[in-house]
*Asks:* 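Dropping the structure in here first, questions after.
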Amino acid sequence: MNNTVFVLADCNNFYVSCERVFDPSLDNKPVVVLSNNDGCVVSRSNEAKSLGIPMGAPYHKYEQVIKNNNVAVFSSNYQFYGDMSERVMDSLKIMNNSLEIYSIDEAFIRLKNPKNLNIFNKILTTRENVSKWTGIPMSFGIAHTKTLSKIANRIAKKKTNVGVFDIRQDDVCDKLIKKMPVEDIWGISVNWGIRLRSLGVSTIYDLKKSNPGFIKKNLGIVLERIVYELNGIPCLDLEESSPKKNIMSSKSFGKPIEDLKHIEEALSSYTSRACEKLRSQKSKCKGIYVFIKTNSFQPHRPQYRNGLSFEFELPTSDTRIIVSKAKEIMKIIYRKGFSFHKCGIILLDLVPENHKQSHFFAYNDNDSQEEFMNLVDNLNKSMGPKTLFYLSQGINKEWQMRSNNRSKRYTTKWSEILEVN
DNA sequence: TCTGGGGTCCTAGGACCC
DNA sequence: TCTGGGGTCCTAGGACCC
C-alpha cells in the first residue's frame, strides 16, 4: 500500500453558506441560490434539499414550492463568493502546503509520509479553524487516492456528525462501497453508468473488483485509471495551479435580443471581462472563437447558431484589439430576424505574456499597449469593477442579465459593507 | 415569461508523410 | 492489372467536472 494520503476538502452548500455568514437569521431555514440570470438553482441548504428541490432545477418550475415554504432566494453574487472562496483556500494553505484548488469550493490536500501523524485529528483541527476564521462549514474525506477521497468526502457529508471521514481501512471501505451506485464515483455520470451496468457493474465495489484491462478495452483509459484508484493505486496526482489553457466569457441575455448593436455591446462587455482574466493570469491569446445562439429550450421558435474562430498574427491581451476583432466576427455570424439568447467568446491557445515570439512582418507595439491595459486594470481594481469601461459595451444595456435578489457584496465593496445597528 | 457559466481531457477520424 | 502499412499531427465533438 502506498504511503501518500489525499484529503478532499469541500465546502458544504457553499453559496448558501456564504449568505449565512453575513445573515445568521438564515440558519436552519431553507435557502437557495440561483445561477446567473436567476435561471437555475445551483446551491441549496439542507432544508431546501429536504423539500425536494433538485440541483440545477429551473427556478420557474419550483417557484411555487419555494413560495409555499418560505424559501429564501438569492441571485448569485460571484464577487462575494469568489472572495469568500479565497479566504477558505488561504486558511487551508496556512495549514497544508500541498494544495490543489479544484473548484470554487473544493481543494485536494496531499500529505506525504504521514506515518507519525494523527491525520484524523489534524484534519478535525483544520476543519474547526476554517469554520472559526471564515464561518464556512466544510467536509473532509481522507484516503489513499483522489478518487477514494471523493468517496470518503461524500460519506463525511452524509453520514457523520464531525464532517471528517477516513476510508483507508480496506474492510471499512468495501462494506460502504458495496452499497454505493457506480455513478457516485467522481468521473462517472449517467452515460457511463449505463454502459457499466450493461457489463454487469453496478456498485462501486463491482468496479473496484473489475479487470482493469477489460475496462480499458471496453470503456477507455479514463475508466481504467478509476479502477486502479479505487484499489488504492494513485493515478492522479495533485495538479498545482497551472494557468488556464482557454478562457471563456459568455452569458445569456436578460431577455431575447434581435438587434446586432445590442449583441455587439454584450459581446464587448464579455470580451472585456475575458481579457481581464487573461491579463490577471499573465497570459496572451493566439486566437479567439466567437459564437451566438438562439434559445434551444424553445424549439418551436426559429433556431440558429453559429461560431467562428480567428488567429492573430501575434499573441495579444489588448482588450481593444480583441474586442474589435470579436465584433468583426460577430458581424459575419449574425443573421437578421432571429431572437438571440446568448453569445460569448473563448480566448484560445493561451501563452505566457513574456513569450515574445517576434513576427518578422507584424507591427509590434507591445510596450505601449501593455502600459495602457495595466493602467485600466489597476484603476478598476482600486476603484471597483467597471469604473473604466469601453463605450462599445453600451450604457443602457438592454441585454443585462436578471439578478433580482442579489445580496450585498459585503467583502469587496465599501458601499455594501455590513452595518450593525 | 422564466432552463448557468466555465473549464478539462480523451478519442476518432482525416490529412499527410514515407 | 496491381493500390500497404505505419506513423504523426490536428480538429471536432463527446464526456465529464463543479
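Each chain gets a letter, A, B and so on, in the order the sequences are listed, and its residues count up from 1.
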*Asks:* Give A/I104 one of three labels, base, sugar-phosphate or nothing, depending on what nucleic acid heavy atoms sit under 4.0 Å from its own.
*Replies:*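 If one applies the 4.0 Å heavy-atom cut-off, A/I104 turns out to touch nothing in the nucleic acid.
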*Asks:* Would you say C/dC17 has OP1 or OP2 under 4.0 Å from some side-chain N or O of A/S189?
*Replies:*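 So the side chain of A/S189 is within the cut-off, an N or O lying under 4.0 Å from OP1 or OP2 of C/dC17.
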*Asks:* Within 45° of the six-membered ring axis of A/F165 and under 6.0 Å from that ring's centre, is NZ or CZ of A/K159 located there?
*Replies:*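 Output no; distance or angle outside limits.
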*Asks:* Take the protein atom OH of A/Y102 and the nucleotide atom P of C/dC18, then report the distance between them rounded to whole Å.
*Replies:*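 Answer to the nearest Å: 5 Å.
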*Asks:* Output the rounded distance in Å from CG (A/N153) to P (C/dC17).
*Replies:*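 Rounding to the nearest Å, CG of A/N153 and P of C/dC17 are 15 Å apart.
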*Asks:* Taking protein heavy atoms under 4.0 Å as touching, what does nucleotides 4-14 of chain B look like 5' to 3' if B marks base contact, S marks sugar-phosphate-only contact and - marks none?
*Replies:* SSBSSSSS---
*Asks:* How many Å lie between NZ on A/K146 and C1' on C/dC16, as a whole number?
*Replies:*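 Atom-to-atom, A/K146 to C/dC16, this comes out as 15 Å.
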*Asks:* Is A/E106 touching bases, backbone alone, or none of the nucleic acid, heavy atoms closer than 4.0 Å?
*Replies:*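 Since only primed, P, OP1 and OP2 atoms lie under 4.0 Å of A/E106, the category is sugar-phosphate.
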*Asks:* Heavy atoms under 4.0 Å, any strand shown: does A/N295 hit a base, just sugar-phosphate, or nothing?
*Replies:*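 If one applies the 4.0 Å heavy-atom cut-off, A/N295 turns out to touch the sugar-phosphate alone, with no base involved.
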*Asks:* Rounding to an integer number of angstrom, what distance separates B/dT3 and C/dC18 when you compare their P atoms?
*Replies:*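 So the two P atoms sit 24 Å from each other.
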*Asks:* Could you tell me whether A/K327 and A/E265 make a salt bridge, using a distance below 4.0 angstrom between a side-chain N and a carboxylate O?
*Replies:*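 Judged by the 4.0 Å cut-off on N to carboxylate O distance, A/K327 and A/E265 do not form a salt bridge.
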*Asks:* Check this for me, if you would: do A/E47 and A/R20 make a salt bridge, where the nitrogen-to-carboxylate-oxygen distance has to be below 4.0 angstrom?
*Replies:*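 Yes.
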*Asks:* Among B/dT3, C/dC16, C/dC18, find the nucleotide with the atom closest to the side chain of A/N191.
*Replies:*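 Closest of the options to the side chain of A/N191: C/dC16.
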*Asks:* So that I can tick it off, tell me whether A/E63 and A/K67 are bridged by a salt bridge, with the cut-off set at under 4.0 angstrom between side-chain N and carboxylate O.
*Replies:*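 Salt bridge: yes.
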*Asks:* Expected output is a numbered-order residue list: members of residues 192-218 of chain A with a heavy atom under 4.0 Å from any atom of DNA chain B. What is it?
*Replies:*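 Within this stretch, nothing sits under 4.0 Å of the strand.
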*Asks:* Looking only at non-hydrogen atoms, find the nearest pair between A/W133 and A/M95 and report the distance.
*Replies:*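 Heavy-atom minimum between the residues: CZ3-CE, 3.9 Å.
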*Asks:* I need the CH2-C1' distance between A/W186 and C/dA15, as an integer number of Å.
*Replies:*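 Value for this atom pair: 15 Å.
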*Asks:* Any base atoms under 4.0 Å from A/L347, or only sugar-phosphate, or nothing? Heavy atoms, all strands.
*Replies:*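 Nothing: the residue A/L347, judged by heavy atoms under 4.0 Å, touches no strand.
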*Asks:* Are A/Q298 and B/dC2 close enough that a side-chain N or O sits under 4.0 Å from OP1 or OP2?
*Replies:*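 So the side chain of A/Q298 is within the cut-off, an N or O lying under 4.0 Å from OP1 or OP2 of B/dC2.
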*Asks:* Using five base pairs at each end to define the local axes, how bent is the helix from B/dG5-C/dC18 to B/dC18-C/dG5, to the nearest 10°?
*Replies:*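 The end-segment axes of the helix from B/dG5-C/dC18 to B/dC18-C/dG5 are tilted 10° relative to each other.
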*Asks:* A/F338 vs A/F340 aromatic rings, parallel, tilted or perpendicular, using cut-offs 30° and 60°?
*Replies:*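 Correct class here is tilted.
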*Asks:* In this structure, how many angstroms lie between the P atom of C/dC18 and the CE atom of A/M89, rounded?
*Replies:*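 Spelled out: CE on A/M89 to P on C/dC18 is 13 Å.
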*Asks:* Figure out the NZ/P separation between A/K150 and C/dC17, and round it to whole Å.
*Replies:*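 So the two atoms are 9 Å apart, to the nearest Å.
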*Asks:* Tell me whether A/D237 is salt-bridged to A/R110, with the criterion being a basic N under 4.0 Å from an acidic carboxylate O.
*Replies:*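 Counted as a salt bridge, because a side-chain N and a carboxylate O are separated by less than 4.0 Å.
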*Asks:* What I want to find out is whether A/E353 reaches A/K284 closely enough, with some N-O distance under 4.0 Å, to be called a salt bridge.
*Replies:*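 A/K284 and A/E353: not salt-bridged.
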*Asks:* Using the ring of each side chain (for Trp, its six-membered ring), is A/Y15 parallel, tilted or perpendicular to A/Y81, with breaks at 30° and 60°?
*Replies:*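 Parallel.
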*Asks:* Between A/R87 and A/D83, is there a side-chain N and carboxylate O pair less than 4.0 Å apart?
*Replies:*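 Counted as a salt bridge, because a side-chain N and a carboxylate O are separated by less than 4.0 Å.
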*Asks:* Do A/K331 and A/E264 meet the salt-bridge criterion of a basic N to acidic O distance under 4.0 Å?
*Replies:*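 Looking at A/K331 together with A/E264, the answer is yes, because their closest N to O distance falls below 4.0 Å.
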*Asks:* Could A/K261 and A/D259 be called an ion pair, given the rule that one side-chain N must be under 4.0 Å from one carboxylate O?
*Replies:*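 Salt bridge between A/K261 and A/D259, a charged N being under 4.0 Å from a carboxylate O: no.
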